[in-house]
> 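Before I ask anything, let me first share the structure, which is written out below as structure tokens.
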Amino acid sequence: MTHSIELRRRELMLSLAALAIVPGLARAAVTALPGESIYRLDAKLQDQDGRSLALSSMQGTPVLASMFYSSCQMVCPMIFETIHMTLRALPPAQRSAVRVLMVSFDPVRDTVAVLKQTAQSRNCDSQWVLARADEGTTRKIAAVLGIQYRRLSDGEYNHSAVINVLDPTGRIVAKTGKLGSTDHVVSAAIAKMSRS
Amino acid sequence: MKPLYAFVVAAASFACCVANAASYVDLPGGAFESVLPQGPTPTVSSAVQIKPFALRSAPVTVAEFAAFVRAHPEWQRGIAPAVLADARYLVQWSTPLDPGTAMRADVPVTDVSWFAARAFCEEEGARLPTWLEWEYAASADATRKDARSDAAWRQQILAWYAKPGSDPLQSVGGVANVYGVSDLHGAVWEWVDDYNALFIAGDSRTQGDPDILKFCGAGAINVIDRDSYAVLMRIALLSSLNAADTTSTLGFRCARPLEGQP
């Protein structure tokens, strides 16, 4: 049973690749991931350097994952600042192992150039992935991250501010809505991963 | 030569549609006032423009979903990962592929997650309706496009909510509204695409939360028309869900843009 399904998936991926819908992304590791892994969601992103990446390519390290939009004046800068504070408070070895994934709610206005500019203005180095996806994928990513958002008629977004801690296999092991200071729940979860 | 070809195509597409039995009806859209304020000021209502769209005339049935699962083994119970469908996904079916004889084929499929519902709709070139599209369609009764101010109509809908959830589900195809859409009320709860966009002030998750910054910008929104209990219950239910959740009374229908619309 599993074999034939794997075969089907392979066939599907091959036929999609032939149609150049999926630009040669290796997805071999997908079935090794646990059922709770957010990387089981097949989602294509584009980062601040214009590179295409699969959501599942974030696997392998602890990840802090949240969402934002660049024109947001109030809460989003605080999400960036809170993640910076959290990273700074970690021991260097743990800090360097963590990656940050920030997905935009606003793929229309957050072009690659805008993401790049936001990365620079928010002091996000290569440890950070600022990403955009098509609208349907954006809502799926919000769904797996447990983040609510809605676009208002004036182009702003209402959204919940949640920072998720993902383990290397993509399971959400902690989350916080606390902004403006480091949440010990987050640092404890990262520390626990570095011990195991 | 040419006419024959056209005939073959017509016959093929006829066969396709009969087999799928997916019937969509066109809704004209237009200015619509939601119970959820849509503008930047959470206490002031402003009408929004609903684009024309097509909506399935009835919820997706058990038989239709079974055909989908047979064609897409990755959506079988036990194979779909927990992050996309919880442990009770399609739990009432006899086997992962077969709903079984205890389950009527023409009732709305339930115990499906938002991800599974979305995958079904994508498969037929559609999507889930947005909340506004759903609310707009559900504001109509058999003769009026907006029956919401009619107390008798509201009462009729509320009577359904008062029925115990353990009652068996009815076959799809109840009395159609003025657009030709049936079962929006009185059948099952239905997923919408932006189920995770419906905050309400005083929502249990924010109550007593000292951190008002949890919600950005305009913050948690208010509800304009507090007399629309039936619709408010929908919003309360939907906003309490996670995308992998399933319940025995939660189903879905699909929507799609009209020809020539984005």
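Letters A, B, ... mirror the listed sequences (proteins, then strands); counts begin at 1.
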> Between Glu133(B) and Arg127(B), is the closest basic N to carboxylate O distance under 4.0 Å?
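Yes, this pair counts.
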> For Asp194(B), which atoms come within 4.5 Å of any heavy atom of chain A: side chain, backbone, both, or neither?
both
> Ile147(A) versus chain B, heavy atoms under 4.5 Å apart: side chain, backbone, both or neither?
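Only the backbone of Ile147(A) comes within 4.5 Å of chain B.
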> At a 4.5 Å cut-off on heavy atoms, which part of Trp114(B) comes close to chain A: side chain, backbone, both, or neither?
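Side chain only.
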> Which of parallel (below 30°), tilted (30 to 60°) and perpendicular (above 60°) describes Phe65(B) and Phe252(B)?
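Judged by the thresholds at 30° and 60°, the geometry between Phe65(B) and Phe252(B) is perpendicular.
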> Inspect the contact between Glu135(A) and Arg139(A) and indicate whether a charged nitrogen and a carboxylate oxygen are less than 4.0 angstrom apart.
no
> Take the angle between the ring planes of Tyr157(A) and Tyr69(A) and call it parallel below 30°, perpendicular above 60°, tilted in between.
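Tilted, since the angle between the ring planes falls between 30° and 60°.
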> Can you say whether Glu156(A) sits under 4.5 Å from chain B via the side chain, the backbone, both, or neither, judging by heavy atoms?
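Neither part.
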